[in-house]
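To start, the structure under review is shown below, and the notes come after it.
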Amino acid sequence: MSGSSFEDAGTAVFGPDTLESYRNATSLAIAALQSGYFGSNTPFSGRTPDEIHEDVAETEPFPSAGQSLEAVLERVSSLVCADSVGVYHPQSMAHLHCPPTVPALAAELIVSAMNQSMDSWDQSPAATAVESTLIEGLTSVCGLGAGADGVFTSGSTEANVLGLLLARNWAVADRFDHDAQRSGLPTAAQSLRILCSAEAHFTARQAAGQLGLGDDAVVGIPTDDDHQLSIEALESTIDRLIDDSLEPFALIGTAGTTDFGRIDPLDRLGAVAAEHDLWFHVDGAYGGPLVFSDRHRDRLSGIERADSIAMDFHKLCQQPLSCGVFLLADGEQYDSIDRSAAYLNPDDTGAESSHHLVSKSLQTSRRFDALKPYVTFQTLGTDTMGAGIDSLLKLATDTATLIEANDSLELAARPSLSTVVFRYDPPSNDDATDTTTDRIRDRLRADGTAMLARTAVDGSPHLKFTFVNPRTSLDDVIEVLDAVVAAGRAITESTQSTS
Ligand SMILES: *Cc1c(COP(=O)(O)O)cnc(C)c1O
């Protein structure tokens, strides 16, 4: 469509009948997915970054004249969909990167079309109610008390910053009688320290840096041989910090570390936090959704002691990015970041005044992401969602059993959630394992067999399965493990024959 005004472009833009145009456009988009994405029988095309970039860069990004949506979407199908990661493919097993549920995709159509903005009530009347209702339900599922509050986030990176921001403001007021939002940080804030597992997510350190405390304000508590945080180490670290005249003020409990899925002993961490007057933040980005599992919920025992919680729906709950939440046990702690803007949420006492979400979030204009889990949970119920999580965790333990029984493979540690870390390590392979690992991962990706992740365990490269795809079966895993061993052998043989 090459109209020179919106009016000439007619149905391609808004109307006359916008809904009919949307229906047609949606059909074209689904056709693009069908040919370029769902038609593929591998999880990735295997093409290189340079090849993909060169093809895409051939398109003039801001052409002066347009063309038909059909033509554009056909191009998107071959240029973009075909070189994207097949998240629905059962052998897509690399990251916490899920295939979205169909109910969530239906919700996504509605979210984008209505384009409600979650900052002020007059831009999102019912959407604000949906979000607030879900937050209230989730604070209750997590056992937080009546005064709890929270907000949807772009993910746990944002939720961790928000939690530590509120913790920092609270601590600066509590310890130094100082208003950080108004006056910035006092010199004494240089003594503030945040405690977390040495295997906590990197965003804890990132947040400390962004909050003016510095990356070094984060003190990692050593984990044991099984990657589990030790309470003795936590207590001795706190004693040492206090002896050094430092001021520990926040403790992060991780519910699901990224590599090994370890859940810190939240109950005991909560007790230590209470004893030392620390803000207790739980990073439940990965493992938080265990609250929906009858079988595994107990493993989060102690989460109800949290001052704040980060949780992602876009990992174990199969929601399209982005979809996370931040929960706050004492909603009044939000006062430390309160803002009012005359055009958005003026200081008034009208009926809307308590319904603006803007000052609960780090974002201003914000998507109505809450509709996605709303529709998903209404459609599937927590029984199905919980059972889905249980199956992913069982797949991980079954996979670990297969790896242990295979003398060409070595398991790095027992699984806890849905990740399995291992490496190719046949009895005859003296010290070639480290270099072979990356090459196995690259080879399986290039030939379209499987998407695996790599990580390092004590400095040595390992492979990692991350199961968030309900379509992955143990047979898929067996196939990929066979391919790992075959690739490992081929790589070792070719290295030996050339050396
Ligand atoms: C994924 C993850 C994060 C980061 O969350 P995003 O949703 O990617 O912003 C933080 N902590 C843990 C433990 C995670 O797994």
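In each ligand, atom 1 is the first atom listed, and ligand 1 is the first ligand listed. If you read the sequence from its start, that first residue is 1, and numbering goes on from there.
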Quiz prompt | Heavy-atom closest contact (Ser416 atom, Ile263 atom, distance) | solution = OG-N, 4.4 Å
Exercise. Output the list of atoms in ligand 1 that are nearer than 4.0 Å to some heavy atom of His314, sorted by atom number.
Key: 7 (O)
Quiz item: Which atoms of ligand 1 sit under 4.0 Å from any heavy atom of Thr157?
Solution: 4 (C), 5 (O), 6 (P), 9 (O)
Quiz item: Under 30°, 30 to 60°, or over 60°: which ring-plane class applies to Phe152 and Phe313, parallel, tilted or perpendicular?
Solution: parallel
Quiz item: What atoms of ligand 1 come within less than 4.0 Å of a heavy atom belonging to Thr203?
Solution: 10 (C)
Quiz prompt | Per atom 15 (O) of ligand 1, closest listed option by heavy atom (Gln206, Lys315, Met311) | solution = Lys315
Quiz item: Under 4.0 Å from any heavy atom of Gly155, which atoms of ligand 1 are there?
Solution: 7 (O), 9 (O)
Practice problem: Take the angle between the ring planes of Phe292 and Phe377 and call it parallel below 30°, perpendicular above 60°, tilted in between. | Solution: tilted
Quiz item: Do you see a donor-acceptor pair shorter than 3.5 Å between the side chains of Thr203 and Thr157?
Solution: no
Quiz item: In terms of atom number and element, which parts of ligand 1 are under 4.0 angstrom from non-hydrogen atoms of Thr258?
Solution: 15 (O)
Exercise. Check the angle between the aromatic planes of His227 and Phe260 and answer parallel, tilted or perpendicular using the 30° and 60° thresholds.
Key: parallel
Self-check item: Element-labelled atoms of ligand 1 that are located less than 4.0 Å from some non-hydrogen atom of Asp283
Solution: 10 (C), 11 (N), 12 (C), 13 (C)
Quiz prompt | Side chains of Lys464 and His462 in contact at under 4.5 Å (non-hydrogen atoms) | solution = no
Quiz item: How does Ser156 reach ligand 1, by side chain, by backbone, by both or by neither, if only non-hydrogen atoms under 4.0 Å count?
Solution: both
Quiz item: Does Gly256 have a non-hydrogen atom less than 4.0 Å from ligand 1?
Solution: yes
Exercise. Quick one: look at Glu158 and ligand 1, take heavy-atom pairs under 4.0 Å, and tell me if it's side chain, backbone, both or neither.
Key: neither
Quiz item: Hey, are Thr254 and Asp283 close enough side-chain-wise for a donor-acceptor pair under 3.5 Å?
Solution: no
Exercise. Provide the number and element of each atom of ligand 1 under 4.0 Å from a heavy atom of Leu96.
Key: 15 (O)
Quiz item: When you check the side-chain N and O atoms of Thr128 and Glu131, is any donor under 3.5 Å from an acceptor?
Solution: no
Exercise. Below 4.0 angstrom from a heavy atom of Asp312, which ligand 1 atoms are there? Numbered from 1 as shown, please.
Key: 5 (O), 6 (P), 7 (O)
